[in-house]
Every structure is written in C-alpha cells, then in structure tokens.
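A short worksheet on the structure shown next.
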Amino acid sequence: MNPATLTRTSAFEWRIEPTGNMRVPGVIYATEALIQAMDERVRDQVVNVACLPGIVSASYAMPDAHWGYGFPIGGVAAFDAEEGGVVSAGGVGFDISCGVRCLRTGLQRAELEPLKERLAETLYHRVPVGVGSHGPIHLDDKQMEAMLTGGAQWAVERGWGSRDDLRFIEAQGRITGARADAVSAKAKKRQRNEMGTLGSGNHYLEVQEVGELYDREAARAFGLAEHEVVVFIHCGSRGLGHQIGTEYLKSMATSARQHGIELPDRELACAPLRSDTGQAYLGAMRAASNCALANRQIITHFAREVFAELFPAADLELLYDVSHNTCKLEEHSLNGERKKLFVHRKGATRAFGPGHPDLPEEYRAVGQPVLIGGSMGTASHVLAGNADPRVPSFASACHGAGRAMSRRQAHRNWQGRQLLEELREQGIIVRSPSAKGVAEEAPHAYKDVDAVVDGAEEAGLARKVAKLKPLVCIKG
DNA sequence: ATGTTC
C-alpha cells in the first residue's frame, strides 16, 4: 500500500479521514515498512467497513492485515445495537472462532530432542489432520446440541481435560447465548465426525521451544522459561462453522436489502443486531464458537495422551486459549462512557490489558496472553495485552504473520517435498498429508512474524513476552 | 477456512 494515500498521525498510526458514505475514519496500526508490504485492497476494505450502520469509533486494521472476504483479515470493528448497529458474517470469517491455545509441558528441549522423531510420528497418527478429516468421536443429535451449548465445558465433562483447564480459556470455555436451533441440520451433519480434528490450510499443532524472553515478569506469570517446551494448537470450528458462515451470508444479503442497508460491497452482507436474522446469526456463531473451543479441548486431550506415552514426566498445563475470528459483546469506554458493543475481530486477537476482571487472577497483573502463530518453520510469539489509551481499538492485537502472497502464487514458487527437507535440516520435523498444502504454507509465503509483532508492540497494541521456536509441526 | 464447485 502506498503510504502517501494515508494520513500519518504517529509513527505507527495511519488514518483515512471519512469521505463519501464513511460514518467513521479508518485507522491502520503499522510501521511504514508494514504499510508498504500491505495489499492496496486493505484500504478499500477498511473504508467499506467504515460505511456500515452503527459502527463506532473507527474501522481498524492490525499490523498483519491482508485482503479477505468483505472485511480485511486483521480487521476490528465495533457496533452499537442502539444506533442501528449490524452483525456481519464476513466480519467474523468462515472459520468461526478459529483460535490458538498454548500448553506448557514442563519439559526441557534437551529431554525432548532424542524422541523428537517418535513424537512427530505419534502425534501425526493420534490427531486427525487434513481436508475432511474425521476422528474417533461421533456425536448423535443430542450430544451435538450439548456440545454446541457447552463448548470446552462439555468436553471436560466428557473426560477430555480437567476443570482447571477452563479457567484459562476465553469465557471459561463456554460462550453463552449459543443457539443450537439456529444451526442448520446440514451444518450439524458436517460436524458429526469432525470433533478433535485439526483441518487443513494454516491449521496446525506445533511443539516449540521457548526462546528469547522480552518481559520476565509477564513470562513468570505465564509460566514460561527459556528452553522449556510448549505446544501450540491452531484450529477452529471445521465444517460446522464454514457451513454456518455460508448460509448466513445468504440470509444476511436478504436482511440487509429488507432493512434498506446500502452495502458498499456485497461481501459485507450484514443484518441489524436487532433483527431476527442478526439474532439467529449471533446464536449460531456462538454455537460454532463452542464447537471450536470443544475441538481445541479434545485435541489437547489427544496431545496429553501422546506426551504421557513418550514423556512420563510431562504435565501439559493450559497457558491460554483465545479466538481470533469472532464477534463478542463487550463493555468498552467510548467518549468517556461505558458502552456494550459488538466487537468483530476477524484475524485479530482479543488483548485485554492488566486488571481486566475477565482474566484469571494469575495473569491479571500483567494482562491477557496474546497468542501469535507464525508460519510453518518460523517463530510464534506470546504477547501480553495492554490498556494503552493511544490505541482505542477495543483491546485487540494482531493474530499472526499474515499472508504475503496468495496460495496459488506460493504453490507456483515452492515444492512441498523440498521445503520439508529444508526444514528438517534446520531441525524442524513437519508431518502433513498434503505436499500442496505444505507449499501453500511456505514460510516465505507469509510476512515476517517478528516484524509484525514488533509493529504491534511499537504501536502499543500488546507487549512482547516470549518468542517460540518450532521443533515439530503437524500440519493440515 | 471449506465434504478445496450448489
């Protein structure tokens, strides 16, 4: 993106003043280098979102923003139901409640190294991966309804994990207001055999070593020490969330027309929060969020079984689980007033600052863990949320490196098998059913995650705590 | 992201 087309308001804040149908400004948080690397279409999408009814404050983009369906990936926008605000399926994304969880293992990298190959092999066979992957769990209609309303709490009650896990999950592992009746039979059918599966694309389970620490106090609070091993799990609501997104995009196009909402882009289909379609979507989206939370909880259980077999001393404790594709009703300050707002975060992570009452007490002094997944073979990061008044973007931060090129382009540039060999030379074992998928996820098909994280920190969105280096990656 | 095209 050409920086000259934006108004620079600080070293890390770029604005688009309202013109035409924009109701609020656009704001992009990034360094100049990240702006230059950003797709031109991000600006158009930030502008389009700023035109939607009931949007408050500004249409925001995080440092890793790239072009997406309707909303940019890395987009944050909040809506006020009292001001005719809307909810948009494209503002959440197809992979509803896609997110990351991080587990400590209590192991040192040196203990893991001799068994690394076996660990990769065993994890690959225990955790189903790939397009259309099915697992050993099959839900009937009644169990499906319990899962969609119970989330990770349901999974723990079924024996997949412990009650202690729940304190370290966004919303204590269960999103309230879920409506199984707002989820179609087709969506439920698609999910029947997909619980505890990773899926494909950029989803993965990665075993990592804690590298550099940047904030020792926060690292201590999060239980992270150098050379210790952690597990990162990145996945979402599988076929169920995708089906819900597809169906509600259609009904929202109708709803927007009926309510006289002028859409700058048909991909921005939305429904008033105070409408039957808007309420049904919120209920279905929350059900999909519970599906994603239960899914990550079950995968955690599989990972614990594998580590217990190979490393009797291991104890996989949940550090945190947070979504980066969702719409949440949250209370935020707006012009000095506390307001309940519907915050869309699409490819953006919630990042509550120190003192937030929703955080577990262990983390309250330092802020929410913000889990940033890198691309395959590169680093991941743990950050801590800020409460910085310079960035009024509803306590949000970036979610990953962000793609630098399309899947098609990546597929042209790299060969899966060769990438796997190169990574192995670096001591990183990748197991995947798809050579094409590996090529599409090539490390250089993404932006430099370190630069994105530095940009997020410099802008004041979150503080760097620890860098994580990959050892074993199970890839969809 | 996705039973990678209803």
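Quick note: numbers below take in every heavy atom, side chains included, and nothing from hydrogens, waters or symmetry partners. From a predicted model like this one, the values you see are computed outputs, not experimental measurements.
- Residues A/Phe79 and A/Phe342 keep their aromatic ring centres 6.0 Å or farther apart.
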Please tabulate, for the side chains in residues 465-476 of chain A, all donor-acceptor contacts under 3.5 angstrom to protein atoms that are two or more places apart in sequence or on a different chain.
| unit_1 | atom_1 | unit_2 | atom_2 | d |
| --- | --- | --- | --- | --- |
| A/Lys467 | NZ | A/Asp450 | OD2 | 2.9 |
| A/Lys475 | NZ | A/Glu441 | OE1 | 3.4 |

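- Here the C1' atom of nucleotide B/dT2 and the CG atom of A/Leu240 are 12 Å apart, to the nearest Å.
- The shortest side-chain heavy-atom distance between A/Met1 and A/Val42 falls under the 4.5 Å cut-off.
- Rounded to whole angstrom, the span from the NZ atom of A/Lys250 across to the C1' atom of B/dC6 amounts to 7 Å.
- Atom P of nucleotide B/dT2 and atom NE2 of A/His134 are separated by 12 Å, given to the nearest angstrom.
- Between A/Gln243 atom CD and B/dT4 atom P there is a gap of 12 Å when expressed in whole angstrom units.
- Nucleic acid contact class of A/Gly201 (heavy atoms, under 4.0 Å, all strands): sugar-phosphate only.
- Between A/Lys250 and A/Glu247, none of the side-chain N atoms (NZ, or NE/NH1/NH2) sits under 4.0 Å from a carboxylate O, so this pair counts as no salt bridge.
- Whole-Å rounding puts the A/Lys189 NZ to B/dT2 P distance at 19 Å.
- Here B/dT2 presents its C1' atom at 12 Å from NZ of A/Lys436, a figure rounded to the nearest Å.
- Residue contacts for A/Gly236: at a heavy-atom cut-off of 4.0 Å it reaches no nucleic acid atom on any strand shown.
- Along DNA chain B, the nucleotide closest to A/Thr246 and the one closest to A/Gly239 are compared, and the more 5′ of them pairs with A/Gly239.
- Remark: P of B/dT2 and CD of A/Glu440 are 12 Å apart, rounded to the nearest angstrom.
- Among the atoms of the strands shown, base atoms are found under 4.0 Å from some heavy atom of A/Lys186.
- As judged by a 4.0 angstrom heavy-atom cut-off over every strand, A/Glu194 is placed among residues touching the sugar-phosphate backbone only.
- To the nearest angstrom, C1' of B/dT5 lies 13 Å from CZ of A/Phe94.
- In this structure, A/Ser200 reaches the B/dT2 phosphate: one of its side-chain N or O atoms is under 4.0 Å from OP1 or OP2.
- A/Arg192 comes within 4.0 angstrom of nothing in the nucleic acid, heavy atoms only.
- Checking B/dC6, B/dT4, B/dT2 against every side-chain atom of A/Val131, the shortest atom distance belongs to B/dT4.
- The line from OG of A/Ser88 to OH of A/Tyr281 is 7.5 Å long, rounded to the nearest 0.5 Å.
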